[in-house]
Q: 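This is the structure I have questions about; it appears just below.
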Protein chains: 2
Amino acid sequence: MDDRMIPLDAETKAVEMPEHHRDELRLWLRLLTCTTLIEGEVRRRLRESFDVTLPRFDLMAQLDKAPDGMTLSDLSRRMMVSNGNLTGLVDRLMASGHLDRRVSSTDRRAQVVSLTEAGRAEFRAMAAEHEGWIAELFADLTPKDQKDLMRLLAKTKGSARRAIVGDAS
Amino acid sequence: MDDRMIPLDAETKAVEMPEHHRDELRLWLRLLTCTTLIEGEVRRRLRESFDVTLPRFDLMAQLDKAPDGMTLSDLSRRMMVSNGNLTGLVDRLMASGHLDRRVSSTDRRAQVVSLTEAGRAEFRAMAAEHEGWIAELFADLTPKDQKDLMRLLAKTKGSARRAIVGDAS
DNA sequence: CGAATTTATTTTAAGCTTGAAATAACTGCC
DNA sequence: GGCAGTTATTTCAAGCTTAAAATAAATTCG
């Protein structure tokens with residue numbers, strides 16, 4: 001249709017011809033699909049092989065890297081989940097004997113959580129298998145693919161972080 | 001300790017010196033971090049701007065692309081969530097007037113779900129904003145970065161799919 | 001046709017997750 | 001010291017999510 005005769009102000013144009021951001025949207029959906037696909041499979045295997053949930057595994061993974069334990073707040077930040085979520089997760093892992101918890105010596109509000117010996121041993125056994133699963137799921141990527149993807153994801157993470165903090169300030 | 005005198009069979013060696021798959025693991029963790037970061041922000045904005053949850057938005061997005069509606073099974077496959085999950089999600093969106101549901105004309109087991117006019121209008125308004133948010137979150141990526149990332153994620157998806165279906169057969 | 005299998009959906013129990021409100025303890029500052 | 005503001009954690013209500021079992025309808029095939 002010939003629109004040469006129809007003047008539109010900037011606002012109307014913005015509504016009728018919004019900027020094209022379809023590509024970013026497709027990229028985001030693909031990123032989400034990849035993650036969901038892999039996460040679902042890892043969840044399934046953890047349950048089948050070890051009868052453990054992914055959140056429990058993730059929490060133990062954080063603690064395995066911190067021999068002296070971590071506070072709930074540290075865990076919350078690292079795992080990017082809410083504080084309230086952690087309270088329940090830690091309660092259940094305490095009940096099953098995987099975790100120890102003590103009051104911080106420097107801050108009476110803070111709980112320092114750490115793996116029990118049994119918890120650590122169980123986690124290490126799971127982690128060894130888990131690492132193999134991940135390698136298997138990414139098997140078609142060449143070392144160069146992996147390097148490139150790593151770099152692009154780092155850039156994406158930086159971009160998102162900037163957009164998020166920039167939003168608040 | 002001097003272990004020159006201690007012969008190890010292949011299996012023992014495999015336990016003590018597993019193949020290095022750390023790089024794949026780091027890649028997976030970065031992928032997960034990116035997704036979690038962006039997903040959290042999108043969730044937050046959907047709640048603040050529209051008082052809607054991400055699962056509701058995702059479900060409506062699927063239906064917006066299907067003018068004639070979809071069955072719960074179709075939705076379940078597309079969204080990669082369980083059937084039981086969908087039952088509740090659809091119930092709540094029905095209750096809020098966003099969805100219609102009818103029995104399939106060709107299969108009396110199947111429910112065909114579609115957006116109401118109000119639901120579609122509300123979704124479109126949200127989707128327009130949403131698309132801008134995503135563009136903003138990915139803003140630091142050049143068109144080439146986007147193209148490369150798109151390709152690498154497609155390859156990753158293919159790799160994971162192969163590992164998953166290959167597993168079952 | 002009819003039995004066996006598959007497919008679509010719902011239900012249930014358990015656990016996960018969030019955001020908001022409440023409590024308690026710490027920190028900075030006057 | 002003590003008030004104001006921040007931080008660590010818990011609690012709560014609501015909703016999300018899954019896996020497994022149950023129900024019902026369709027399909028396959030002998």
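Note that these values count all heavy atoms, side chains included, but never hydrogens, waters or copies made by symmetry. Proteins come first, then strands; the chains are lettered A, B, ... in the order of their sequence lines, and each starts at number 1.
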Q: Quick one: side chain to side chain donor-acceptor pair (under 3.5 Å) partners of B:Arg124, sequence neighbours excluded?
A: B:Asp64

Q: Is there a side-chain contact between A:Ser114 and A:Asp68, using heavy atoms and a 4.5 Å cut-off?
A: no

Q: Only counting residues at least two apart or in another chain, list the ones meeting side chain to side chain donor-acceptor pair (under 3.5 Å) with A:Asp145.
A: A:Thr142, B:Lys155

Q: Which residues in residues 81-105 of chain A have at least one heavy atom lying under 4.0 Å from any atom of DNA chain C?
A: A:Val81, A:Ser82, A:Gly84, A:Asn85, A:Leu89, A:Arg92

Q: Identify all pairs in which a protein N or O lies below 3.5 Å from an N or O of nucleotides 23-26 of chain D, and state each distance.
A:
unit_1	atom_1	unit_2	atom_2	d
D:dA25	N3	B:Arg109	NH1	3.3
D:dA26	OP1	B:Arg108	N	3.0
D:dA26	OP1	B:Arg108	NE	3.4
D:dA26	OP2	B:Arg108	NH2	2.8

Q: Going 5' to 3' on DNA chain C, which nucleotide is the first and which the last to come under 4.0 Å of a heavy atom in chain A?
A: C:dG15 to C:dC26

Q: Under the salt bridge (charged side-chain N to carboxylate O under 4.0 Å, His left out) criterion, do B:Lys144 and B:Asp148 qualify, and how do the steps go?
A: CA-CA 6 Å; B:Lys144 178 177 186 323; B:Asp148 291 346; 2.5 Å; yes

Q: Verify the contact: side-chain N or O of A:Ser73 to OP1 or OP2 of D:dT7, cut-off strictly under 4.0 Å; return yes or no.
A: no

Q: Between D:dC16 atom C1' and B:Arg43 atom CZ, what is the distance in whole Å?
A: 9 Å

Q: Which of residues 56-68 of chain A have a heavy atom under 4.0 Å from DNA chain C?
A: A:Arg56

Q: I need the CZ-P distance between A:Arg45 and D:dT18, as an integer number of Å.
A: 18 Å

Q: With a 4.0 Å limit, can you tell me whether A:Arg47 has a side-chain N or O closer than that to the phosphate oxygens OP1/OP2 of D:dT18?
A: no

Q: How close or far is atom P of D:dG15 from atom CG of B:Leu46, stated in whole angstroms?
A: 17 Å

Q: Give a yes or no answer on whether the side chain of B:Ser104 reaches the backbone of B:Gln111 with a donor-acceptor pair at less than 3.5 Å.
A: no

Q: Got a list of side-chain donor-acceptor pairs under 3.5 Å for residues 33-40 of chain A, not counting sequence neighbours?
A:
unit_1	atom_1	unit_2	atom_2	d
A:Thr33	OG1	A:Leu29	O	2.8
A:Thr35	OG1	A:Leu31	O	3.1
A:Thr35	OG1	B:Thr35	OG1	2.7
A:Thr36	OG1	A:Leu32	O	2.7
A:Glu39	OE2	A:Arg43	NH2	3.1

Q: May I have all residue pairs that pass ring pair (Phe, Tyr, Trp, His ring centres under 6.0 Å) and include part of residues 65-89 of chain B, sequence neighbours excluded?
A: none

Q: Answer with base, sugar-phosphate or nothing: what part of the nucleic acid does A:Thr71 contact at a heavy-atom distance below 4.0 Å?
A: sugar-phosphate

Q: At under 4.0 Å between heavy atoms, what does A:Thr53 touch on the DNA or RNA strands: base, sugar-phosphate, or nothing?
A: sugar-phosphate

Q: Would the distance check show the side chain of B:Ser76 and the main-chain N or O of B:Leu72 forming a donor-acceptor pair, the cut-off being under 3.5 Å?
A: no

Q: Give every residue pair that meets the ring pair (Phe, Tyr, Trp, His ring centres under 6.0 Å) criterion with at least one member in residues 42-94 of chain A, sequence neighbours excluded.
A: A:Phe57-A:Phe123, A:Phe57-A:His130

Q: Test: salt bridge (Lys or Arg N to Asp or Glu O under 4.0 Å). Region: residues 47-56 of chain B. Which pairs qualify, not counting sequence neighbours?
A: B:Arg44-B:Glu48

Q: List the residues meeting side chain to side chain donor-acceptor pair (under 3.5 Å) with A:Asp107, not counting sequence neighbours, and say none if there are none.
A: A:Arg109

Q: Write out all pairs satisfying side-chain hydrogen bond (donor to acceptor under 3.5 Å, both in side chains) with one or both partners inside residues 85-100 of chain B, taking only residues at least two apart or from two chains.
A: B:Asp91-B:Arg101, B:Ser96-B:His98, B:His98-B:Glu122

Q: Check whether B:Thr71 reaches the backbone of B:Val112 with its side chain - one donor and one acceptor, N or O, closer than 3.5 Å.
A: no

